[in-house]
Amino acid sequence: MTEDKRKRLKVFARRHAAVSTRWRERGYSYPPPVFPPIPADLAGMSCGAKTQAGTPCKLTAIYENGRCKWHGGPSTGPKTEAGKEQARINGRKGGRPRKTKAIDTEKS
């Protein structure tokens, strides 16, 4: 995906979001608004990220940044102090408890 297409996709997404926001603010009243049509060259555009097999991703359900839900990028982690503290607590919990084998101590 070229940088020009990515910028145009972001502009389209912002226009679409603005129409949707105005509709939500008026209580989703009937008739629904007319949303801007997606430009023909942007319709059906694929993600284009490289998969582990080395082939380009073929998903066409892409986000505003031009990537699909699988190739949108890694999480940046918690931002607030409360979120960071919760991550520390979750890290101490460990994984799923393991089942231990019951050992019969009394043998006849």
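Side chains are part of it too, since the values below use all heavy atoms of this structure and drop only hydrogens, waters and symmetry mates.
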Closest non-hydrogen atoms of K84 and K79, given as atom of the first, atom of the second and distance, are CE-O, 3.7 Å
CD of Q86 to OG1 of T80, rounded to nearest 0.5 Å, is 10.0 Å
Closest non-hydrogen atoms of K5 and D41, given as atom of the first, atom of the second and distance, are NZ-O, 3.8 Å
Correct closest heavy-atom pair for T51 and P56 would be CG2-C, 4.3 Å
* Asked: With the 4.5 Å side-chain cut-off for hydrophobic clustering, are F12 and V34 part of the same group?
  -> no
Original post:
Charged N to carboxylate O below 4.0 Å: is that the case for E85 and R88?
Top reply: yes
Value for CZ (R26) from OG1 (T21), rounded to nearest 0.5 Å, stands at 12.5 Å
Shared ILVMFWY cluster between W23 and V19, side chains joined below 4.5 angstrom? yes
Scanning both residues in full, the closest heavy-atom pair of G83 with P78 reads C-CB, 3.5 Å
(message) Does K7 have more than 12 heavy atoms from other residues, nucleotides or ligands lying within 6.0 Å of its NZ?
(response) no
